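Model, not experiment: these values are computed from the prediction. Whatever order the structure lists them in is the order used to number ligands and atoms, beginning at 1. Along the sequence shown, residues carry numbers from 1.
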Amino acid sequence: MSGRLLDGTAIASAIRADVARDVAGLVSSGVTPGLAVVIVGDDPASQVYVASKGKACLEAGMHSETIRLPATTTEAELLAQVDRLNADPKIHGFLVQLPLPKHINSERILLRIDPAKDVDGFHPMNVGRLSVGDSTAFRPATPFGVQQMLLRSGIETKGAHAVIIGRSNIVGKPMASLLVQDTPGGNATVTICHSRSRDLPALARMADILVVAIGRPEFVTREMVRPGAVVVDVGINRVVDPAAAKGYRIVGDVAFAPVREVASWITPVPGGVGKMTIAMLLMNTLQAARQQSGR
Ligand code: NDP
């Protein structure tokens, strides 16, 4: 068997087209959804990511602002930016790109963001709303993207045993929250594993749907996957490869080729979950604009 590809590139572009259509409708009713991204310092990976968010926003017909602040910005100055964006009616959603310089307390910044504009869905208010099944909650982009990939590929989550490896606040935990809800793309039986889980291979083999988000290159081997399982690889890891033009290549947390032989569906890396994140951020910004404008 060779697993079918869960094609993040194609699914993300379909979602972006849907968002652009809905944005056009809102714009014609007088509301242009606006997203702002704040970046502090000049981390090269974050700069690339922030530039892609801005470009995607404009392509979707949204208003986009990027606020670039020097690495020397104080916590008070960043809090003042957050306050300004909280009050800006042109901005329906915004996020502060992580990681922040060490002298800034990320938690204090996050808590200052108006939950109604928290399109990353990391504010405890949104985490709580998601957990109680409130549909106005913003769903964190990466796990939301995974759920959309499953839904749009016709993969049934209802009654399935979903095993998630990784319990971070940005991927593993919200993934569990989404899959367990009584909604389409939910109703799964969920197991969350982490570095202290006993006999991880046995737990992984129990999965109908295996979601892996640990940040360890090719950690999940063929022996850890039940034949016929759906495998979603969230990991993005750089590994040294002298044969590659850049001297490295990107791999996921799953050993793709051998696992594909037993899986029914599998996400490639790159071209899988990573492609979904920005599309879901746009969807959240559209949701924010609708919720704030009542349209
Ligand atoms: P974190 O480092 O925050 O969390 C990793 C989790 O994996 C932790 O819960 C940790 O357990 C668990 N873990 C680590 N090693 C093992 C192990 N050997 N066995 C079992 N569990 C283990 O990572 P993130 O969730 O932020 O990211 C995970 C991966 O996903 C990374 O490769 C990241 O680059 C990628 N990513 C991709 C995104 C995208 O596609 N857009 C977005 C976000 C992340 P414990 O808690 O016990 O330490």
Side-chain angles (χ1 to χ4, degrees), residues 5-9 11-13 15-16 37 43-53 56 95-100 106-107 110 119-122 127 138-150 162-179 190-207 210-221 223-225 231-240 248-256 259 266-284:
L5 281 187
L6 276 164
D7 183 349
T9 308
I11 299 171
S13 88
I15 290 175
R16 283 166 68 158
V37 178
D43 175 63
S46 295
Q47 291 285 349
V48 171
Y49 199 36
V50 163
S52 327
K53 287 174 182 173
L95 59 95
V96 179
Q97 185 70 38
L98 300 175
L100 287 169
S106 310
E107 195 143 337
L110 177 60
V119 283
D120 258 347
F122 295 157
V127 176
F138 294 110
R139 291 158 279 189
T142 301
F144 187 17
V146 170
Q147 187 182 45
Q148 286 295 312
M149 290 178 101
L150 299 173
V163 176
I164 301 162
I165 312 184
R167 59 172 164 184
S168 72
N169 289 337
I170 63 166
V171 189
K173 284 183 200 154
M175 186 79 256
S177 239
L178 285 168
L179 287 170
V190 179
T191 299
I192 308 182
C193 309
H194 45 78
S195 67
R196 257 52 71 77
S197 295
R198 201 184 312 137
D199 201 355
L200 190 67
L203 292 165
R205 273 194 301 274
M206 288 167 63
L210 182 64
V211 182
V212 192
I214 57 177
R216 315 251 159 205
E218 303 180 323
F219 178 88
V220 169
T221 57
E223 294 66 38
M224 294 168 74
V225 177
V231 179
V232 178
D233 187 354
V234 181
I236 301 176
N237 309 290
R238 265 188 193 194
V239 292
V240 174
Y248 68 86
R249 66 197 158 84
I250 301 292
V251 299
D253 291 344
V254 174
F256 179 79
V259 169
I266 186 166
T267 54
V269 176
V273 178
K275 290 282 179 192
M276 299 295 295
T277 304
I278 289 179
M280 304 325 294
L281 179 65
L282 298 178
M283 205 145 148
N284 283 349

*What part of Thr277, side chain, backbone, both or neither, has a heavy atom within less than 4.0 angstrom of ligand 1?*
side chain
*Measure the distance from atom 10 (C) of ligand 1 to every protein heavy atom, then report the residue, atom name and distance (to 0.1 Å) of the closest one.*
Ser195 N, 4.4 Å
*Looking only at protein heavy atoms, which one is nearest to atom 44 (C) of ligand 1, and how far off is it?*
Val171 CG2, 4.0 Å
*Among Lys173, Arg196, His194, which residue places a heavy atom closest to atom 20 (C) of ligand 1?*
His194
*What's the spacing between Ile164 CD1 and Thr191 OG1 if we round to 0.5 Å?*
8.5 Å
*How far is atom 36 (N) of ligand 1 from its nearest protein heavy atom, and which residue and atom is that?*
Val234 O, 3.7 Å
_Counting non-hydrogen protein atoms only, what is the nearest one to atom 9 (O) of ligand 1? Give residue, atom name and distance._
Arg167 N, 2.8 Å
_For the CZ atom of Arg167 and the CD1 atom of Ile214, what is their distance to the nearest 0.5 Å?_
12.5 Å
*Hey, what do you get for CZ (Arg205) to CG (Leu210), rounding to the nearest 0.5 Å?*
11.5 Å
*Go through ligand 1 atom by atom and flag the ones less than 4.0 Å from a non-hydrogen atom of Asn237.*
32 (O)
*Can you pull out the closest protein heavy atom to atom 40 (O) of ligand 1? Residue, atom name and distance to 0.1 Å, please.*
Gly274 CA, 3.4 Å
*Looking at atom 24 (P) of ligand 1, is any protein heavy atom nearer than 4.0 Å to it?*
yes
*Nearest non-hydrogen atom to atom 42 (C) of ligand 1 belongs to which of Thr267, Val212, Thr142, Leu98?*
Thr142
*Give, for atom CG of Asn169 and atom CZ of Phe122, the distance between the pair rounded to the nearest 0.5 Å.*
8.5 Å
_Side-chain heavy atoms of Leu98 within contact of Ile170, under 4.5 Å_ = no
*With backbone taken as N, CA, C and O and side chain as the heavy atoms from C-beta onward, which portion of Met276 lies under 4.0 Å from ligand 1: side chain, backbone, both, or neither?*
neither
*Decide whether an N or O pair under 3.5 Å exists between Tyr49 and ligand 1.*
no
*asked:* Judged on heavy-atom distance to atom 22 (C) of ligand 1, which of Asp253, Ile214, Leu203, Val273 sits nearest?
replied: Ile214
*Hey, does the side chain of Ser197 reach the backbone of Leu200 with a donor-acceptor pair shorter than 3.5 angstrom?*
no
*Taking Thr267 for the side chain and Asp233 for the main chain, is one N or O donor matched with an acceptor at less than 3.5 Å?*
yes
*For the atom pair CE (Met280) and CG (Asp120), what is the distance rounded to the nearest 0.5 Å?*
13.0 Å
*Output the list of atoms in ligand 1 that are nearer than 4.0 Å to some heavy atom of Leu200, sorted by atom number.*
19 (N), 20 (C)
_Among all protein heavy atoms in this structure, tell me which lies nearest to atom 1 (P) of ligand 1, with the distance rounded to 0.1 Å._
Ser168 CB, 4.1 Å
*Starting from atom 15 (N) of ligand 1, find the nearest protein heavy-atom neighbour and note its residue, name and distance.*
Arg216 NE, 2.9 Å
*Which option, Val220, Ile170, Ile236, Val251, owns the non-hydrogen atom nearest atom 26 (O) of ligand 1?*
Ile170
_Going by side chain to side chain contact (heavy atoms under 4.5 Å, CB included), Val269 matches just one of Ile250, Asn237, Asp253. Which one?_
Ile250
_What's the separation between atom CE in Met276 and atom CZ in Phe144, rounded to the nearest 0.5 Å?_
9.0 Å
*Consider every N or O of Phe219 and every N or O of ligand 1, then say whether any pair is closer than 3.5 Å.*
no
_A side-chain contact here means heavy atoms from C-beta on lying under 4.5 Å apart; do Val239 and Pro217 qualify?_
yes
*Using the test side chain to side chain donor-acceptor pair (under 3.5 Å), find all partners of Glu218 that sit at least two apart in sequence or belong to another chain.*
none
_Looking at non-hydrogen atoms alone, which of Gly172, Ser197, Gly215 comes nearest to atom 29 (C) of ligand 1?_
Gly215
